[in-house]
Student: 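Handing you a structure now.
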There are 2 protein chains.
Amino acid sequence: MNAPFPTGVEDDSVDLGALTGSVGFMLRMAQVAVYDQFFREFANTDVRPGEFSVLWVIAMNPDLRQGTLARTLNIKPAHMTKLVQRLVREGLVKRIVPPEDRRSVRLALTDKGRIHLNRHRSTFLHVHDAERIGLTDAETTQLLGLLQKLAFKDTSSCR
Amino acid sequence: MNAPFPTGVEDDSVDLGALTGSVGFMLRMAQVAVYDQFFREFANTDVRPGEFSVLWVIAMNPDLRQGTLARTLNIKPAHMTKLVQRLVREGLVKRIVPPEDRRSVRLALTDKGRIHLNRHRSTFLHVHDAERIGLTDAETTQLLGLLQKLAFKDTSSCR
DNA sequence: TCCGAATAGTATCCTTGTAAACAATTATTC
DNA sequence: GAATAATTGTTTACAAGGATACTATTCGGA
């Protein structure tokens, strides 16, 4: 079927114009693609990217304060509260209220949490390996360097 | 004040371990940083990144089908419906139901939509200019190339 | 032609994440 | 040393986005 004049533009020929030159837009597009891979890999598990990175950081920094964790991962305190509540409910994390400051909360993994982390550690580290996402090793290294520069730039001094 | 033993790790010294080598994690961290800049720039307006990119693509591709738009921008149809409803309510976009297929919807900017786009075009294009995000021009070019490779890779053939 | 299958978009419900007001505790100031 | 301010985390109300089921229309085959 060949319409006399295709009244509109179809999928392939959509023109994004200067959008492909917008760092913000392209970051989002790339993230969607990469997260897609993540969810495909962890399809039949209950592992989610945010949750897992929280477990990871707690494992690397035992007795970390909840607020510090939130700031480090750029997760808002209100959301961190919910994340931690779920992890505690699942028995992966324990909360410790230190006597020297009873407002604060320190977090640590339970044995179950450590086991969970170890079970999925290797999969997590290799989900985004170069060949999986269609880049060369060199490109991946380059990309990570640039992303780190973006992410860890002092945010307070931006005008 | 020097505690005898700092019971926990504090902000700066939090160790992320291999997380900084995870493409997915770093994409998210970078995106948060970059979006932060976006919202700072458009603080007193009602411009949002998703909405604006939708307007942009409609402007470049008049009479684009709503579904095609959704697929192009990796926005789910259900969500696109809501986005379009709001844009129509704001008078920026008009919906056209073509007689040759009355299931579908084609989208175009209204005059008001075009004005809106023009008013913010320049700001939008330069929010993420190199120096603003702390990269050199060359690095930005490199980054955009890598992100495009990630984003526009054929997603169907991934195992 | 008529009935089942495919397609486009929408309504409903649910998850994820945020903002703003709040309670509890600790630090400061007079 | 009490009153005030600042800090920490939580609660509540809401916005963004997705999954699923549904409606309307078009396509395709008997």
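Protein chains get the first letters and strands the later ones, always in sequence-line order, with residue 1 at the start of each. Source: prediction; values computed, not measured.
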Student: Hey, is the side chain of A/R71 poking within less than 4.0 Å of OP1 or OP2 on D/dT7, counting only N and O atoms?
Tutor: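 For A/R71, the contact criterion (side-chain N or O under 4.0 Å from OP1 or OP2 of D/dT7) is not met.
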Student: Against A/L87, only a single residue in A/L107, A/T110, A/V54 fulfils side chain to side chain contact (heavy atoms under 4.5 Å, CB included); can you say which?
Tutor: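 Among the candidates, only A/V54 passes.
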Student: For A/F25 together with B/W56, are the ring centres under 6.0 Å from each other?
Tutor: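 Not close enough - the centres of the two rings lie 6.0 Å or further apart.
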Student: Working to the nearest 0.5 angstrom, can you tell me the gap between B/M26 CE and B/Q31 CD?
Tutor: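 Rounded to the nearest 0.5 Å, the CE-CD separation comes out at 12.5 Å.
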Student: Indicate yes or no: at least one non-hydrogen side-chain atom of A/L16 is less than 4.5 angstrom from one of B/V57.
Tutor: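 Yes, their side chains come closer than 4.5 Å.
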Student: Tell me, for nucleotides 13-23 of chain D in 5' to 3' order, what letter each nucleotide earns: B for a base near a protein heavy atom under 4.0 Å, S for only sugar-phosphate near one, - for neither?
Tutor: B--SBBB----
Student: Are the side chains of B/H116 and B/V47 in contact, using a 4.5 Å heavy-atom criterion?
Tutor: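 Yes, side chains in contact.
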Student: So does B/Q66 get a side-chain nitrogen or oxygen closer than 4.0 Å to the phosphate oxygens (OP1/OP2) of C/dT10?
Tutor: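 Yes, such a contact exists.
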Student: Can you name the atoms? Protein N/O to nucleotides 2-6 of chain C N/O, anything below 3.5 Å, with the distance.
Tutor:
none

Student: How many whole angstroms separate atom CD of B/E100 from atom P of D/dC27?
Tutor: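 The answer, rounded to whole Å, is 10 Å.
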Student: Think B/R102 has a side-chain N or O under 4.0 angstrom from the OP1 or OP2 of D/dC27?
Tutor: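 No, because none of the side-chain N or O atoms of B/R102 sits under 4.0 Å from OP1 or OP2 of D/dC27.
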Student: Tell me: CG of A/D101 to C1' of D/dT7, nearest whole Å?
Tutor: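 Rounded to the whole Å, the gap is 8 Å.
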Student: Tell me whether the rings of A/F52 and A/F42 are parallel (<30°), tilted (30 to 60°) or perpendicular (>60°).
Tutor: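 Ring orientation of A/F52 relative to A/F42: tilted.
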Student: Can you tell me how far the CG atom of A/L150 sits from the CG atom of B/L135, to the nearest 0.5 Å?
Tutor: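 Between atom CG of A/L150 and atom CG of B/L135 there are 4.5 Å.
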Student: When the distance from CG of A/D46 to P of C/dT15 is rounded to whole Å, what number comes out?
Tutor: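 A/D46 atom CG is separated from C/dT15 atom P by 14 Å.
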Student: For a quick test of reading the model: is some side-chain N or O of B/S104 closer than 4.0 Å to OP1 or OP2 of C/dA8?
Tutor: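 Answer no for this pair, as no side-chain N or O of B/S104 is under 4.0 Å from OP1 or OP2.
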Student: Indicate whether OP1 or OP2 belonging to C/dG9 is found under 4.0 Å from a side-chain N or O atom of B/Q85.
Tutor: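 No, because none of the side-chain N or O atoms of B/Q85 sits under 4.0 Å from OP1 or OP2 of C/dG9.
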Student: Looking at every heavy atom in both B/G24 and A/H128, which two are closest together, and how far apart are they?
Tutor: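 That closest heavy-atom pairing would be N-ND1, 3.2 Å.
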Student: Measure the distance from CZ on B/R65 to C1' on D/dT26 and round it to the nearest whole Å.
Tutor: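 These atoms are roughly 11 Å apart.
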Student: To the nearest Å, give me how far apart CG (B/D63) and P (C/dA8) are.
Tutor: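 Those two atoms, CG and P, are 17 Å apart.
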Student: Which whole-number value in Å describes the distance from A/L73 CG to C/dT18 C1'?
Tutor: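 In whole Å, C/dT18 C1' lies 16 Å from A/L73 CG.
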Student: Let me know the distance between CZ of A/R89 and P of D/dT10, rounded to the nearest Å.
Tutor: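 Taking CZ of A/R89 and P of D/dT10, I get 13 Å after rounding.
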Student: Just to verify, what does B/R102 make a salt bridge (charged side-chain N to carboxylate O under 4.0 Å, His left out) with, not counting sequence neighbours?
Tutor: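 With sequence neighbours excluded, B/R102 shows a salt bridge (charged side-chain N to carboxylate O under 4.0 Å, His left out) to no residue whatsoever.
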